[in-house]
Number of protein chains: 2
Amino acid sequence: MSENGAAGGGLRERKKRATRAALAEAAIRLAAEHGAEKVTVEAISAAAGVSVRTFFNYFDTRDDAFVVIDADAGARIRQALLDAPAGLGPMEALREAISAELAEAEQQRELWRLHTDVLNASPHLLVRNLGAHMADETALAEAIAARLRPGEPVAAPGTGAEERRRALELYPRLLAALAGTAVRVSVEHWCSREQETAFPDVFREVFALLAAGLPAPSA
Amino acid sequence: MSENGAAGGGLRERKKRATRAALAEAAIRLAAEHGAEKVTVEAISAAAGVSVRTFFNYFDTRDDAFVVIDADAGARIRQALLDAPAGLGPMEALREAISAELAEAEQQRELWRLHTDVLNASPHLLVRNLGAHMADETALAEAIAARLRPGEPVAAPGTGAEERRRALELYPRLLAALAGTAVRVSVEHWCSREQETAFPDVFREVFALLAAGLPAPSA
DNA sequence: ATGCAAAGATGCACGCTCTGCAAAATGAGA
DNA sequence: TCTCATTTTGCAGAGCGTGCATCTTTGCAT
């Protein structure tokens with residue numbers, strides 16, 4: 001399985017990702033134009049240039065195509081986090097990983113805006129989107145924990161063993177939640193205005209503001 | 001529309017309620033036996049002795065048949081609350097209204113147990129059930145507010161006008177929430193055990209315990 | 001380059017959900 | 001009883017989702 005997500009890989013993987021992206025984009029554009037309920041699987045498939053049957057090879061449900069723009073983004077971030085230089089603290093590594101990912105999204109600004117419109121138009125889809133984010137957050141917390149485990153002590157030396165253990169359990173979830181919040185707020189802010197600021201920069205600012213309230217684990 | 005729910009009415013209304021109840025009961029029994037996902041609308045309709053088309057006259061969606069046993073219960077409680085003798089305080093009136101309703105449910109004990117099994121087996125349906133309860137609670141809060149408005153001051157005389165206004169706004173929601181919680185806890189308790197205690201009595205006890213923590217509005 | 005094996009895409013058939021429409025059945029009331 | 005309104009029902013049809021067989025593409029070793 002190799003926890004896919006990176007840009008590389010064989011032609012096969014690249015084509016698969018392209019097809020998935022084409023389907024998701026077609027679904028969102030059509031939904032933004034006609035309303036999600038009015039968009040048939042046939043229309044989406046046609047717009048993406050594949051057969052209806054193929055659509056269901058990528059999505060279990062019609063609605064799934066509306067829920068997330070890029071289902072692999074979370075996996076890519078986790079991978080980047082694990083691949084980051086060992087010298088970087090978990091917070092910095094995470095910030096960079098997400099920044100890089102959002103830089104990709106930068107080029108699809110319009111699509112992101114349409115997506116939020118689609119979600120806001122149907123609470124039904126908004127709920128599913130929220131669920132997807134929560135799942136991503138959980139997976140991210142595990143990745144953070146994995147990165148943290150080998151070296152770098154989490155609590156300052158001299159702390160009680162019990163406190164230290166609890167911090168070790170809690171910190172990944174907390175950091176993942178912080179990151180999730182930062183992304184959400186950034187997306188909202190970035191989508192709502194007709195602004196020139198680059199997406200990753202918006203994120204870095206929000207992240208820094210949030211992180212200022214969260215003490216670093218080792219200090 | 002007349003806010004239906006009462007037992008009376010013409011033959012027509014009675015038949016409609018019977019059909020609806022038959023469909024809901026059939027749906028739940030079949031779901032408890034074979035799993036909700038495996039139960040077709042055709043099977044439910046056949047078990048209830050009506051056509052498939054008629055099923056969709058009563059429920060917008062197949063899943064709707066699994067969500068609540070009696071969709072009119074909330075309306076009946078609200079009606080009973082409004083019809084209660086004027087001397088009764090809102091809390092007593094509400095307790096009596098719900099007790100009476102649960103006495104009806106007493107005779108369907110087995111069905112209620114099956115229903116909780118069905119809901120617990122599919123989180124999907126559990127969520128919809130929760131939503132239905134929340135909607136009922138909101139409607140109930142409005143009924144409470146309506147009963148409260150004409151006479152009976154809510155806050156003790158001598159209280160500031162501002163505090164009084166806020167209490168008037170808050171109290172109905174609080175009481176409705178309390179009632180909802182009492183019902184939920186009672187159902188859980190009543191369903192989980194093989195006990196002899198009458199359902200309304202369980203409820204009255206739970207209600208009393210919860211209410212002990214909620215000061216009466218006028219005292 | 002060539003051929004083989006794995007993986008993906010496609011077409012087809014099928015069952016199920018849900019809707020609109022028109023006809024038949026049934027309760028309400030004069 | 002006779003009429004009117006409501007309800008039930010069957011039918012046709014669009015759409016969703018799945019299983020299966022087939023065909024094409026990709027990856028890889030020779």
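Keep in mind it's a predicted model, so treat the numbers as computed, not measured. Order of the sequence lines sets the chain letters (A, B, ...), proteins ahead of strands, with each chain counted from 1.
- The nearest whole Å value for the distance from the CD atom in B:Glu13 to the C1' atom in C:dT26 is 15 Å.
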Atom pairs under 3.5 Å: protein N/O with N/O of nucleotides 11-16 of chain C:
from   : atom 1 : to      : atom 2 : distance (Å)
C:dG11 : O6     : A:Arg53 : NE     : 3.4

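- Residue pairs that meet the side-chain hydrogen bond (donor to acceptor under 3.5 Å, both in side chains) test with at least one member in residues 174-184 of chain A, sequence neighbours left out, do not exist here.
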Going by atom type alone, with no hydrogens or angles, which donor-acceptor pairs under 3.5 Å involve a side-chain atom of residues 81-95 of chain A and a protein atom two or more places apart or on another chain?
from    : atom 1 : to      : atom 2 : distance (Å)
A:Asp83 : OD1    : A:Gln79 : NE2    : 3.3
A:Asp83 : OD2    : A:Gln79 : NE2    : 3.4
A:Glu92 : OE1    : A:Gly89 : N      : 3.4

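- Put simply, chain B comes within 4.0 Å of DNA chain D, heavy atom to any atom, from D:dA5 to D:dC11, going 5' to 3'.
- The distance between atom NZ of B:Lys16 and atom P of C:dT26, rounded to the nearest whole Å, is 17 Å.
- At distances below 3.5 Å, not a single donor-acceptor pair connects side-chain atoms of A:Arg78 with backbone N or O atoms of A:Leu140.
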Output a table of nitrogen or oxygen pairs between the protein and nucleotides 3-5 of chain C separated by less than 3.5 Å.
none

Tabulate below the donor-acceptor pairs under 3.5 Å that side-chain atoms of residues 31-42 of chain B make, not counting sequence neighbours, or state none.
from    : atom 1 : to      : atom 2 : distance (Å)
B:His34 : ND1    : B:Leu30 : O      : 3.4
B:Thr40 : OG1    : B:Glu42 : N      : 3.4
B:Thr40 : OG1    : B:Ala43 : N      : 3.0

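- Considering only residues two or more places apart in sequence or on other chains, B:Glu137 meets the salt bridge (charged side-chain N to carboxylate O under 4.0 Å, His left out) condition with none of them.
- Using a 4.5 Å heavy-atom cutoff, the side chains of A:His124 and A:Asp63 are in contact.
- The two residues B:Ser45 and B:Leu23 come nearest to each other via the heavy atoms CA-CD2, 4.2 Å.
- If B:Asp63 and B:Leu11 are placed on DNA chain C by their nearest nucleotide, the residue sitting closer to the 5' end is B:Asp63.
- Nucleic acid contact class of A:Asp60 (heavy atoms, under 4.0 Å, all strands): sugar-phosphate only.
- Taking only side-chain nitrogens and oxygens, B:Lys15 never comes nearer than 4.0 Å to OP1 or OP2 of C:dT26.
- In this structure, A:Cys191 and A:Arg113 approach most closely via the heavy-atom pair O-NH1, 3.2 Å.
- Tested against B:Val118, the residues B:Leu126, B:Leu125, B:Val67, B:Asn129 include a single side-chain contact (heavy atoms from CB on, under 4.5 Å) partner, B:Leu125.
- For A:Tyr58, no side-chain nitrogen or oxygen approaches OP1 or OP2 of C:dG8 to under 4.0 Å.
- Counting heavy atoms of neighbouring residues, nucleotides and ligands inside a 6.0 Å radius, atom CD of A:Glu205 does not exceed 12 of them.
- Regarding A:Arg17, its CZ atom lies at a distance of 17 Å from the P atom of C:dA7, rounded to whole Å.
- For residues 56-90 of chain A, the set of pairs meeting the ring pair (Phe, Tyr, Trp, His ring centres under 6.0 Å) definition, not counting sequence neighbours, comprises A:Phe55-A:Phe59.
- Between B:Asp70 and B:Arg76 there is a salt bridge, with a side-chain nitrogen of the basic residue lying less than 4.0 Å from a carboxylate oxygen of the acidic one.
- A heavy atom lying under 4.0 Å from DNA chain C marks none of the residues of residues 121-129 of chain A.
- Relative orientation of the A:Trp112 and A:Trp190 rings is perpendicular, given thresholds of 30° and 60° on the angle between their planes.
- By the side chain to side chain donor-acceptor pair (under 3.5 Å) test, A:Arg128 is found to be paired with A:Asp64, residues two or more places apart in sequence or in another chain being considered.
- The salt bridge (charged side-chain N to carboxylate O under 4.0 Å, His left out) search around A:Arg204 returns A:Glu96, not counting sequence neighbours.
- Remark: C1' of C:dA25 and CG of B:Asn57 are 14 Å apart, rounded to the nearest angstrom.
- Side-chain N/O atoms of B:Thr61 include none lying less than 4.0 angstrom from OP1 or OP2 on C:dT17.
- Shown for residues 25-37 of chain A: no residue has heavy atoms falling under 4.0 angstrom of DNA chain D.
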Evaluation steps, side-chain contact (heavy atoms from CB on, under 4.5 Å), between A:Phe199 and A:Val187 | CA-CA 8 Å; A:Phe199 195 4; A:Val187 171; 3.7 Å; yes
